[in-house]
Enquirer: 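Handing you a structure now.
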Amino acid sequence: MNALVPAVSVRGLSFRYPPLGRQGLAPAVLCGVDLEVQAGEFLAVMGPLGAGKSTLCLALNGLLPQATGGTFGGTVRILGQDTRCTPVSTLARQVGLVFQEPETQLFSSTVEAEVAFGPENLGVDPNEIRERVDWALRVTGLEDLRHRVPAHLSGGQKQRLAIAATLSTSPRLLVLDEPTTALDPRGCREVLSVIAQLSQVQGTTIIMVTQSPEHVLEHADRLALLVKGRILADGAPLDLLTDAELLQEARLQPPRMMALSRLLQSRYGVTSPFATVNQGEAVLRAALDGYHG
């Protein structure tokens with residue numbers, strides 16, 4: 001791919017779903033979204049309920065408007081391909097989409113068969129399919145579960161399986177719509193570990209919708225705030241998530257560790273602010289080392 005061509009280029013994207021029954025014109029869900037993501041970048045997207053986050057995800061692989069219908073304006077280009085005129089089956093070779101509920105994507109009899117399904121439908125050579133399945137299971141830590149029934153997996157394992165099934169199609173862009181929402185802390189760590197490895201080691205371009213500022217601060221290169229169908233702000237995660245006025249406008253909560261950071265600053269003179277658990281641990285260790293010194 002030409003290094004000058006961004007992985008994702010969204011210009012003036014607007015969209016409204018088809019009206020239901022005899023209802024009039026449906027309200028606009030996206031209203032002039034501009035967004036660009038470079039190859040290998042990890043972009044997080046946050047916003048309140050109804051901001052248009054899931055709709056934006058659907059626009060990135062051509063399902064919107066090709067499968068949904070509706071009124072579409074602007075352009076979405078994925079690796080230089082216009083999603084309005086490129087078949088979804090073609091885009092599926094470049095874009096992987098993982099939904100919030102993994103059960104909606106899992107239907108095969110075994111873990112191995114689930115991961116093989118995508119490349120089989122893309123007409124990949126059987127020998128390469130085996131290699132892709134082995135790699136995807138290894139990357140997601142599911143090698144020992146290849147013969148298990150997907151319905152018998154834990155929540156975190158199901159979400160990792162949904163990611164593995166997507167990875168087997170060799171996407172250059174991975175789009176995840178709130179992949180940790182329904183998971184317990186262990187499952188959440190499992191899934192985020194896989195996503196971080198894909199970003200840092202494999203160089204996969206990641207766009208992840210999330211409601212957790214901690215996850216954004218730990219993993220994302222950039223953060224885009226989507227509010228009422230528009231990009232309210234786009235920039236460094238720490239800058240955006242420590243801007244109280246901006247978060248209030250976006251109806252988002254600040255990172256929970258920031259409250260502890262402010263308390264330690266005001267009461268105990270800890271001068272280095274922090275917003276994540278890992279940052280807090282480093283700051284407190286340094287403060288304790290200075291105290292004992």
Side-chain angles (χ1 to χ4, degrees), residues 1 3 5-10 33 35-47 51-63 76-81 83 91-100 102 105 115 118 132 135-136 138-142 156 159-181 183 187-226 231 233-238 240-241 276 278:
M1 184 182 68
V5 177
V8 177
S9 178
V10 180
V33 172
L35 188 65
E36 191 167 286
V37 184
Q38 301 302 319
E41 193 171 18
F42 189 148
L43 173 74
V45 179
M46 298 184 71
K53 304 183 296 297
S54 294
T55 300
L56 176 60
C57 289
L58 292 175
L60 297 178
N61 73 342
L63 286 174
V76 178
R77 294 186 180 275
I78 303 299
L79 301 167
Q81 301 175 95
T83 60
L91 291 169
R93 298 176 180 271
Q94 307 287 349
V95 185
L97 177 58
V98 178
F99 296 102
Q100 181 176 340
Q105 294 181 259
V115 179
R132 290 190 185 190
W135 172 78
R138 183 173 64 255
V139 167
T140 54
L142 295 173
Q159 193 61 283
R160 283 190 285 147
L161 175 55
I163 294 174
T166 302
L167 291 180
S168 66
T169 62
S170 295
R172 295 156 87 173
L173 168 65
L174 183 60
V175 182
L176 304 113
D177 187 4
E178 301 197 38
T180 63
T181 297
L183 302 182
C188 184
R189 288 193 298 271
E190 291 175 350
V191 170
L192 287 173
S193 175
V194 171
I195 297 170
Q197 180 181 0
L198 292 171
S199 173
Q200 298 166 9
V201 179
Q202 304 294 337
T204 305
T205 306
I206 305 287
I207 296 179
M208 183 176 75
V209 173
T210 180
Q211 293 297 333
S212 171
E214 287 77 18
H215 296 166
V216 174
L217 290 166
E218 289 282 0
H219 301 291
D221 300 314
R222 261 174 62 212
L223 170 62
L225 299 182
L226 186 65
I231 300 294
D234 182 350
L238 186 60
L240 270 57
L241 291 173
T276 69
N278 289 340

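Keep in mind that what you see is a predicted model, and the values were worked out from it rather than measured. Throughout, numbering of the chain's residues begins at 1 and tracks the sequence.
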Enquirer: Name the residue from Ile78, Leu63, Leu58 that meets the side chain to side chain contact (heavy atoms under 4.5 Å, CB included) definition with Thr83.
Expert: Ile78
Enquirer: To the nearest 0.5 Å, how far apart are CD in Gln197 and OG1 in Thr204?
Expert: 9.5 Å
Enquirer: In chain order, what residues pass the side chain to side chain contact (heavy atoms under 4.5 Å, CB included) check against Ala196, with sequence neighbours excluded?
Expert: Gln200, His219
Enquirer: Just to verify, what does Glu36 make a side chain to side chain contact (heavy atoms under 4.5 Å, CB included) with, not counting sequence neighbours?
Expert: Pro6, Ser9, Arg11, Gln38
Enquirer: Measuring only between side-chain heavy atoms, which start at C-beta, is Val115 closer than 4.5 Å to Leu142?
Expert: no
Enquirer: First locate atom CG of Leu43, then atom CG of Leu223, and finally report the distance between them rounded to the nearest 0.5 Å.
Expert: 7.5 Å
Enquirer: Which heavy atom of Arg160 sits nearest to which heavy atom of Val194, and what is that distance?
Expert: CD-CG2, 3.9 Å
Enquirer: So how far is it from Leu167 CG to Leu161 CG, rounded to the nearest 0.5 Å?
Expert: 10.5 Å
Enquirer: Is there side-chain contact between Val5 and Leu79, with heavy atoms separated by less than 4.5 Å?
Expert: no
Enquirer: With a 4.5 Å cut-off on side-chain heavy atoms, are Leu192 and Glu218 touching?
Expert: no
Enquirer: Report yes or no: does Asp221 contribute a side-chain atom to a donor-acceptor pair with the main-chain N or O of Phe42 at less than 3.5 Å?
Expert: yes
Enquirer: Look up atom CZ in Arg222 and atom CD in Glu41, then write down how far apart they are to the nearest 0.5 Å.
Expert: 4.5 Å
Enquirer: State, to 0.1 Å, how close Thr169 and Ala92 come at their nearest heavy-atom pair, and which atoms those are.
Expert: OG1-O, 4.0 Å
Enquirer: Taking all heavy atoms of Ala164 and all of Thr140, pick out the closest pair and write down the distance.
Expert: CB-OG1, 3.6 Å
Enquirer: Ignoring hydrogens, what is the shortest heavy-atom contact between Thr166 and Gln105? Give both atom names and the distance.
Expert: OG1-NE2, 4.3 Å
Enquirer: Counting C-beta onward and ignoring hydrogens, is there a side-chain heavy-atom pair between Leu60 and Val76 closer than 4.5 Å?
Expert: yes
Enquirer: Among residues at least two apart in sequence or on other chains, which ones pass side chain to side chain contact (heavy atoms under 4.5 Å, CB included) with Pro179?
Expert: Gln159, Leu176, Val191, Ile195, Met208
Enquirer: Suppose the criterion is salt bridge (Lys or Arg N to Asp or Glu O under 4.0 Å): which pairs have a residue in residues 161-171, not counting sequence neighbours?
Expert: none
Enquirer: With sequence neighbours excluded, give me every side-chain hydrogen bond (donor to acceptor under 3.5 Å, both in side chains) pair touching residues 51-63.
Expert: Tyr17-Thr55, Ser54-Asp177
Enquirer: Would you say the side chain of Thr181 lies within less than 4.5 Å of the side chain of Gln211, judging by non-hydrogen atoms?
Expert: no
Enquirer: How far apart are the closest heavy atoms of Cys57 and Leu97, and which atoms are they?
Expert: CB-CD1, 4.1 Å
Enquirer: Hey, could you give me each pair passing salt bridge (Lys or Arg N to Asp or Glu O under 4.0 Å) that has a residue in residues 199-213? Not counting sequence neighbours.
Expert: none
Enquirer: Show, in sequence, the C-alpha distance, side-chain angles and deciding distance for Thr210 and Met46, and conclude whether the side chain to side chain contact (heavy atoms under 4.5 Å, CB included) test is met.
Expert: CA-CA 6 Å; Thr210 180; Met46 298 184 71; 4.2 Å; yes
Enquirer: State, to 0.1 Å, how close Leu226 and Gly52 come at their nearest heavy-atom pair, and which atoms those are.
Expert: CD2-C, 3.6 Å
